[in-house]
Structure formats: structure tokens, C-alpha cells
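So the structure is just underneath, and the comments pick up after that.
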Amino acid sequence: MNFTGKTCVITGGANGIGRCIVEKFAAAGANVAFIDVDSAGGRKLAKKIGSGAFFMNGDIARERTLTKFATRVIDRFGSVDYLVNNAMVSKRGIFSGCSYDDFLYVQRLGVVAPYMLASLFLDAFGKDAAIVNISSARAYMSQPDTESYSAAKGGINALTHALAASLAGQVRVNAISPGWIDTAAFSGDNAQPSQHSKADSKQHPAGRVGTPEDIAALTLFLCSPQAGFITGQDFIVDGGMTRQMIYHDDHGWSFDPDPGF
């Protein structure tokens, strides 16, 4: 895909899935503007990409940071063609002492920031603009003690279809919900993918654990003209895990009702 002359904004772009998306858009010719709390990682990536990259260090859970970032992006590039809301953390949940402030912080980062950036860039979006929200399969299923993260991912999915309706005719808005994605190869210098057990890989109907490239490829597609008839959707990219029915002693699965905690 060719994105020459386009500008893509990515949050949480210094490592992991976000870094992969930054690199893939840059390789396709786009200008990339990204923000992250990892100052060293972000600056190193921007230097690697060159003049088409703009990096700002900051925490997008803070309104002042969002406003400053949006202003600097518009001043630098004039318009925005694609916004990829990727930044996220977990403060765990009810068994880990996730406090009122902890829970609100995760919602500000995972739901409020994407909304605010869409609002701040509203008059700067170019023709055929697109927003892609990186959600999670945890919007649909959970493990214990994940309330802060799961709630935010459920929120970003709802925000996706709400924005798609509000911005109809101006900006297409879609979400991607990854499952298990091994981000090791995009974390730090000279990093390599993790080694996975046979069970880790074969439990996925696709036969392997996911990679950041799997998510980046769909992100670029959803921003491209080929996806011009797609908006308001969430795409689960989890190797088929959420489509499996799992019962004790069925097809090799087993459950320990007393795990010892």
C-alpha cells in the first residue's frame, strides 16, 4: 500500500504493536506523528525513520498533553489523514487493589483520550480520513482481576460505533481487537520474538501466537481506500481463540477448580 503524502497519528508508538504500526506506515511513505511515555524509545524510533517522523513524549491520560500534541501535529503537518489509538495500560482489578484513581486513569487513557483526539483533530482531518482504535479480545471475554483494562476495551468498542455514526461522511471509524500478540520483537533494540510452547501455539486454531505485523497489516488496510465501505466495525484478530467452545475434559482441555490461591 502506498500512503505517500498522508499523515498518520499513532498513540503509544514507541514499542509493541504501536511501534510496528509506526514503522509500517513510514515504510509505506506516510508521515508519522506519535506520542509515548517512553522518551528514549520514541526518540530513537523517530531518528531511525527520519524527517517524516514527529515524536512527542507525554501521557495522553492528561488533557493538557492531548491538546499540546494535537496542536504540534497540526502545526507540523497541517492535516491528519489517519488516527490510530493504541496507547493503553492495565491497573488490573478488584483483587489487586485497583483504586478509584487507578480505574479512572485507565479509562482516561483508553477511552477519553481517543475521544478527545478525534475532537481535537475534527477540523484537521483530510479527505477519506480514518480512525482505527486498537481494542482487545478482552472486550468480549475476561480473566479474573482484569476489570480496569477490560472495561476500557469495552468502552473503546462502543466509542468506535458512536464516532462512526457521528463522523459519517467525514471519517471512517473502526476497531481491531487483538488476542495474544507477542510484542517482544518490537520492544527494545535487537529484540527477538519469544519462544512459545507447542501448546501455546496449537491452542490457537490458526496454529500460532499473533504478531504485531498481524495487527499492523489490518490497520493499514482499514485506512486504505480498499476499505472505503467499512465503518463502525470491530475486527477480532486472535487466531480464532474466541470462536472455540472450551469445556473440561473436551478436546484436551482441563480445568482445575482449586488452583491453590
Side-chain angles (χ1 to χ4, degrees), residues 10-22 24 34-37 60-61 83-96 98 102-115 117-118 130-164 173-187 193-194 196 200 203-206 208-223 230 232-244 246:
I10 304 102
T11 66
N15 296 286
I17 292 172
R19 172 177 154 186
C20 185
I21 292 171
V22 169
K24 296 299 183 182
F34 63 106
I35 187 168
D36 203 288
V37 294
I60 61 167
L83 169 62
V84 181
N85 292 300
N86 168 74
M88 189 55 174
V89 298
S90 173
K91 298 287 188 180
R92 299 184 66 91
I94 199 163
F95 297 135
S96 295
C98 178
D102 288 339
F103 196 91
L104 283 182
Y105 178 86
V106 178
Q107 311 317 304
R108 293 203 313 271
L109 183 64
V111 183
V112 179
Y115 167 77
L117 286 174
I131 295 173
V132 177
N133 296 318
I134 305 301
S135 183
S136 172
R138 290 181 185 273
Y140 300 96
M141 60 182 190
S142 295
Q143 292 173 306
D145 203 32
T146 63
E147 285 80 12
S148 65
Y149 188 90
S150 296
K153 292 308 185 181
I156 194 66
N157 281 5
L159 180 65
T160 295
H161 59 71
L163 283 174
V173 187
N174 290 290
I176 301 173
S177 289
W180 181 359
I181 304 297
D182 179 1
T183 62
F186 288 86
S187 301
S194 303
H196 303 111
D200 286 338
Q203 70 179 330
H204 292 80
R208 64 175 175 85
V209 173
T211 69
E213 288 92 345
D214 293 321
I215 307 306
L218 182 53
T219 301
L220 268 66
F221 171 74
L222 289 173
C223 290
I230 302 173
Q233 303 302 309
D234 175 53
F235 296 87
I236 301 175
V237 182
D238 70 345
M241 287 294 289
T242 52
R243 293 307 185 199
Q244 296 186 103
I246 299 175

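- Within the structure, every pair that satisfies the salt bridge (charged side-chain N to carboxylate O under 4.0 Å, His left out) test and touches residues 210-223, not counting sequence neighbours, is listed here: Arg208-Asp214.
- Between Glu147 and Lys91, the closest side-chain pair of non-hydrogen atoms is not below 4.5 Å.
- In terms of the side chain to side chain donor-acceptor pair (under 3.5 Å) criterion, residue partners of Asp182 (sequence neighbours excluded) are, by chain and number, Ser194, His196.
- In this structure a side-chain-to-backbone donor-acceptor pair under 3.5 Å is missing from Ser136 to Lys153.
- Checked against side-chain contact (heavy atoms from CB on, under 4.5 Å), Arg92 has the following partners two or more places apart in sequence or in another chain: Ser90, Ser96, Asp145.
- At least one side-chain heavy atom of Asn86 sits under 4.5 Å from a side-chain heavy atom of Ile17.
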Inset, instruction - Carefully, step by step, assess Leu83 and Leu117 under the rule side chain to side chain contact (heavy atoms under 4.5 Å, CB included). - result: CA-CA 8 Å; Leu83 169 62; Leu117 286 174; 3.9 Å; yes
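- At a threshold of 4.5 Å between non-hydrogen side-chain atoms, the residues Asp238 and Pro178 do not count as touching.
- With sequence neighbours left out, Gln203 forms a side-chain contact (heavy atoms from CB on, under 4.5 Å) with Trp180, Asp200, Met241, Trp253.
- With a 4.5 Å cut-off on side-chain heavy atoms, Ile21 and Phe34 do not count as touching.
- Among residues two or more places apart in sequence or in another chain, the ring-ring contact (aromatic ring centres under 6.0 Å, His included) test is passed with His161 by none.
- Legend: residues meeting side-chain contact (heavy atoms from CB on, under 4.5 Å) with Ser177, ordered by chain and number and at least two apart, are Ser135, Tyr140, Asn157, Asp234, Ile236.
- With sequence neighbours left out, the side chain to side chain donor-acceptor pair (under 3.5 Å) criterion links Asn133 to Asn85, Thr160.
- Applying the side-chain contact (heavy atoms from CB on, under 4.5 Å) criterion to Ala164, with sequence neighbours excluded, gives Val173, Thr231.
- Heavy atoms from other residues, nucleotides or ligands lying under 6.0 Å from CD1 of Ile94 number 12 at most.
- Inter-residue side-chain proximity for Pro205 and Gln244 is flagged as met; some heavy-atom pair is nearer than 4.5 Å.
- Proximity of Phe235 to Leu222: side-chain heavy atoms (C-beta onward) are separated by under 4.5 Å at one or more points.
- Every residue was checked against the side chain to side chain donor-acceptor pair (under 3.5 Å) condition with Thr183, not counting sequence neighbours, and none meets it.
- Every residue was checked against the side chain to side chain donor-acceptor pair (under 3.5 Å) condition with Thr219, not counting sequence neighbours, and none meets it.
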